[in-house]
Amino acid sequence: MDNQIKSKIIEILENYLNPISKKPFMLGEEINLVIKNGHANLSININPDDISKYEKVKEELENKISSVENVLSANVVLTAERKAAEKGNQDPRNNKYELEVKNIIAIASGKGGVGKSTVAVNTAIALSALGKSVVLLDADIYGPSIPKMMGISGKPISNKEKKFVPLENYGIKCMSIGFLLPTDTPTIWRGPMIMKALEQLFISVEWGSPDYMIVDLPPGTGDTQITMAQKVPLKGAIIVSTPQDIALIDARKGINMFNKVNVPVIGIIENMSYFICDKCNQRHEIFSYGGAKNEAKKLDTEFLGEVPLDKNLRISSDEGKPIGIFNQNSDIAKKYIEIANKIINI
Ligand code: ADP
C-alpha cells in the first residue's frame with residue numbers, strides 16, 4: 001500500500017513547480033520521501049535564504065499529500081544541510097556525470113514487455129553496423145535482460161583505476177546490473193540504492209569514448225528515470241510502445257515525464273506493429289496498428305519506425321544471437337538499419 005501512496009505522491013511532485021527553479025520537484029537530491037504504514041514524511045532540501053518562499057509550498061504539499069488515499073499523516077519538513085554544505089547556489093540538477101560519450105540515448109517504455117530491451121539491443125547492433133562505436137548500458141535494475149540478449153555472461157573484472165571493464169560481444173561493450181547480482185535472487189531497490197547502482201554503472205566503468213551509449217531503462221516512470229534525467233547528460237529518450245491504446249496511455253505518461261524533467265523525446269518506435277503469417281502471408285494487426293505513429297504526430301516528435309511481431313526475432317533475442325548479426329538480410333534487420341539511420345540524423 002505504501003508503494004501506491006508513493007506513486008501518487010510522486011505524481012503530485014511532478015505536477016508541482018519548485019518556486020525557485022520553476023521545475024517540478026525531484027526525488028533524490030532535492031526531495032527525500034519516506035512512507036511507512038501510511039505515514040508520509042517528505043523533506044525538501046532548500047537554501048536557507050529561500051525559506052520564506054517555501055513556507056507556502058510546505059503547507060500546500062502537506063494538504064495535497066494528506067488527501068491521497070490511505071495516507072494517515074503527511075509531514076513536510078524543510079532542510080538546509082546539503083545546500084549549506086555546498087556553499088553556493090548550485091542547482092544539484094546541473095551536477096551531471098562526466099562521461100566521454102558523444103551521444104547518450106535512453107530507451108524507455110511506459111510498460112514492461114513491449115520490447116524495450118529488444119529495441120535497445122537491435123538499435124545498438126544497427127548503429128554499430130553503420131560504423132558507429134556503440135556501448136550498451138542495461139539500467140533495467142528490475143529485470144536486466146541485456147546480458148542474455150547479447151549472449152554475454154560472467155562477471156566484469158576491475159582495472160587498475162578500480163573501474164569495471166565492460167564485457168563485450170559483437171563489437172559492443174556492455175555493462176549490466178545483471179552482471180553484478182545473483183540471477184535468481186530478487187533485489188528490493190530503494191531510492192538511494194538506485195542512485196548508487198546507476199552511478200556505478202555510469203561512472204565506475206571503463207566506457208572509453210564511443211559515439212553512442214544506448215541505455216535500456218526500466219519500464220515506467222520511477223526513480224531510475226528521475227536519476228537519469230538529473231545525472232546523465234542525455235541526448236534524449238526514445239519511447240517504445242506497442243500500437244494499442246492501453247500501451248499508448250502509459251507511453252504518453254513516459255513522454256510527459258521526460259518533458260517535465262527537460263529530457264527531449266527524440267522519437268517513438270512502434271514494436272509488434274503487425275504480424276505476417278508465415279503460412280498464408282496475410283498481415284494481421286494483432287495489437288492494432290499505427291497508434292505510435294499517430295502519437296508521434298500529436299506530440300510533434302519523430303516517428304522512428306515500426307517493427308513487426310516476428311517469431312525469429314523472439315528466438316534470436318532469447319538465444320543471445322541478435323538478428324542484425326545473424327540474419328542481416330532479414331526485413332527486421334533492415335528495419336533497424338532504417339531506425340539507426342534516423343537516429344544518426346537527429
Ligand atoms: P521489455 O524490455 O519491454 O520488457 P523485451 O525486450 O524483454 O521487453 O521483450 C519481451 C519479449 O518479447 C522477449 O521475449 C522478446 O524476445 C519478445 N519480443 C520483443 N519484440 C518482439 C517482436 N517484435 N517480435 C517478437 N517478439 C518480440
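We count residues from 1, following the sequence as given. Atoms within each ligand, like the ligands themselves, are counted from 1 in listed order.
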Do Ser273 and Glu270 get their side chains close enough for a donor-acceptor pair, meaning under 3.5 Å?
yes
Could you list the donor-acceptor pairs under 3.5 angstrom formed between side-chain atoms of residues 334-346 and any protein atom two or more places apart in sequence or on another chain?
from	atom 1	to	atom 2	distance (Å)
Lys334	NZ	Asn329	O	3.4
Lys342	NZ	Phe303	O	3.3
Asn345	ND2	Asn341	O	3.0

What are the two closest heavy atoms between Val121 and Met150, and how far apart are they?
CG1-SD, 3.8 Å
Shell of residues surrounding ligand 1, defined by a 4.0 angstrom heavy-atom cut-off that is strict:
Gly112, Gly113, Val114, Gly115, Lys116, Ser117, Thr118, Met149, Asn271, Met272, Pro308, Leu309, Asp310, Leu313, Arg314, Ser317, Asp318
Verify the distance criterion only: is there a donor paired with an acceptor across the side chains of Ser117 and Asp216 at less than 3.5 Å?
yes
Looking at side-chain heavy atoms only, is the closest gap between Lys260 and Pro24 below 4.5 Å?
yes
Between Phe25 and Tyr16, how do the two ring planes meet: parallel, tilted or perpendicular, split at 30° and 60°?
parallel
